[in-house]
Amino acid sequence: MQTREFFVSAPGKVILHGEHSVVHGQVALAVSLNLRTFLRLQSTSSGEVHINLPNIDTFLSWEITALQPLLAGCKEQGGLKDLDADLLKRLREFTRISEDSTDTRSMAVLAFLYMYLSVFAESLASITVSVWSELPTGAGLGSSAAYNVCLSAALLSARGNISNPLTPQQESARWSKEEMELINRWAFMGEKIIHGNPSGVDNAVGTWGKSQIHTSFYLFIIKFMLHHFTLFITGGFLRYHAGNITPLSWVPVLRILLTNTKVPRSTKVLVSGVKDKINKFPSVMKPVLESVSAVSCVCEQTLIEMAERGPSAEHYNILEELIDINQHHLNVMGVGHSSLDTLCRVTLARGLHSKLTGAGGGGCGITLLRPETDTTVIQSTVEELKACGFDCWETSIGAPGVQQHSSAALSQHILKILSSY
């Protein structure tokens, strides 16, 4: 063990523009969300491994002597080419988690044990890992990726595979580009365990942060459908191609309201419905998809200008218009919902502009906040949205990716939760 205790965090993600059109070869823009997942790792002398996940009421421990036999005959994980199917099978048998189980608790435990055993294979260490998140689960906000990025960074640092970048003078620090690439690859392994065939976009956002432009033949939130893609993150805008990530320039942090309508929906059904509509009305729907792609590109250029010249009122006017245009296009595609109409109506009454984010049909929406938006306007908007039965947070997009923190960098609320176990 390289250190006795440390803290890490990683952001969630939202799709700013390009939902559904990206399935059909168009451009989408995804951004990191400054609702974060926090992890505390402690080395102990108990001879046990503990995982504490208070968000999902999961608190488990295992004797190291009981875990050691699971590593018999395991593959070398240095190349990280693919999951070790044999190890995963043993873990399922050991934890009694069936092959068809997809519940949040089971998948979180499997991902943790797989990464722990793989990273510490040469010498299993006694550790306690506690994770708490500001992100709701199952809302399409990258909560599992933020969890896996935190696990990856913490375990690799504890094992000494990557550095401990935080100096005594710092409150927060990040790893080198090469170390971040390793964190991202291990986090992708965790995402594979949880989702089967993920795109890699969510863990890339959680690792690198900021904004992503994504072009693919498959919607990256449909994890099992994606085979290849190119994405650019500006904000890092990062260029992501065939597993290679290159940070480019910076973009501004934008304040938003994030609203969870709590209306359940099936991404698969919604994507299928859009496809059916395109097949039925190709001459009508294809220009809609191209227009959504153009919205993403204009938004990207606007964000770059804001970073280079400083944000102006006109820049925010453009961003608001693009939000309105995209939301109308998404309604044309058939992925709107009355709950999202309510969100748009409530916010527009106060001069704020909103759109769905993700698959639609309910789920989450984002509302842009201008720098001059009065606090009373924000408070009254949040109160009315909560009165509609929604969850609502004031946060920001374009947030930093995975970071190591000193305890002084964390709020007392978060520190108290993580230190309770």
Side-chain angles (χ1 to χ4, degrees), residues 13-33 140 201 205 210-221 229-235 237-238 248 251-252 254-259 270-271 274-275 277-278 281-307 311-337 340-341 343-344 347-348 352-361 363-370 397-398:
K13 75 95 177 59
V14 295
I15 303 170
L16 188 56
H17 290 296
E19 296 91 340
H20 292 281
S21 65
V22 74
V23 177
H24 305 280
Q26 305 298 332
V27 177
L29 179 63
V31 294
S32 55
L33 173 67
V201 174
V205 174
K210 301 297 182 178
S211 313
Q212 297 196 0
I213 293 291
H214 175 97
T215 307
S216 89
F217 294 103
Y218 301 89
L219 180 64
F220 53 76
I221 56 174
F229 57 86
T230 302
L231 62 92
F232 307 89
I233 309 177
T234 325
F237 272 67
L238 303 180
L248 301 178
V251 295
L254 301 176
R255 296 165 60 217
I256 64 163
L257 291 180
L258 174 70
T259 301
L270 289 161
V271 171
V274 173
K275 182 180 179 181
K277 188 166 287 192
I278 293 168
F281 304 110
S283 63
V284 175
M285 295 305 298
K286 286 181 180 178
V288 174
L289 301 178
E290 291 169 359
S291 181
V292 171
S293 184
V295 165
S296 296
C297 294
V298 173
C299 181
E300 175 196 4
Q301 187 57 44
T302 303
L303 292 174
I304 293 172
E305 288 182 10
M306 292 171 75
S312 67
E314 180 56 26
H315 286 134
Y316 274 93
N317 290 341
I318 292 170
L319 294 179
E320 289 175 341
E321 287 188 72
L322 293 175
I323 284 172
D324 292 342
I325 291 168
N326 200 357
Q327 180 62 21
H328 287 306
H329 283 337
L330 290 162
N331 282 328
V332 169
M333 292 183 205
V335 297
H337 189 271
L340 295 164
D341 294 339
L343 166 64
C344 293
T347 55
L348 191 58
L352 305 175
H353 298 255
S354 304
K355 64 173 287 293
L356 68 84
T357 180
C364 293
I366 55 174
T367 304
L368 181 64
L369 299 176
R370 299 174 76 113
I397 53 178

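All figures in this text were calculated on a predicted structure; none of them were measured in a lab.
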(request) Check M333, E19, H20 against V292 for a side-chain contact (heavy atoms from CB on, under 4.5 Å) and give me the one that passes. (result) M333
(request) With side-chain contact (heavy atoms from CB on, under 4.5 Å) as the test, would you mind laying out the steps for T367 and I256 before giving the verdict? (result) CA-CA 5 Å; T367 304; I256 64 163; 5.9 Å; no
(message) How long is the straight-line distance from CD of E320 back to CG of L352, given to the nearest 0.5 Å?
(response) 8.0 Å
(message) Does anything in residues 281-294 form a side chain to side chain donor-acceptor pair (under 3.5 Å)? List the pairs, not counting sequence neighbours.
(response) Q26-S293, S291-H329
(request) Taking atom NE2 of H315 as the centre, report whether more than 12 heavy atoms of other residues, nucleotides or ligands fall under 6.0 Å from it. (result) yes
(message) Restricting to non-hydrogen atoms, name the atom on G398 and the atom on V31 that form the minimum distance, rounded to 0.1 Å.
(response) N-CB, 4.4 Å
(message) Looking only at side-chain N and O atoms, does T347 offer a donor or acceptor that is under 3.5 Å from a partner on S354?
(response) yes
(request) To the nearest 0.5 angstrom, please state how far the CG atom of L348 sits from the CG atom of L343. (result) 10.5 Å
(request) Applying side chain to side chain contact (heavy atoms under 4.5 Å, CB included), name anything that partners V332, two or more places apart in sequence or on another chain. (result) M285, V288
(request) To the nearest 0.5 Å, tell me how far I397 CD1 sits from I15 CD1. (result) 12.0 Å
(message) Tell me the closest heavy-atom pair linking S296 and L29, and the distance in Å.
(response) OG-N, 4.1 Å
(message) My understanding is that only residues two or more places apart in sequence, or in another chain, count here; which of them pass side chain to side chain contact (heavy atoms under 4.5 Å, CB included) with D341?
(response) N331
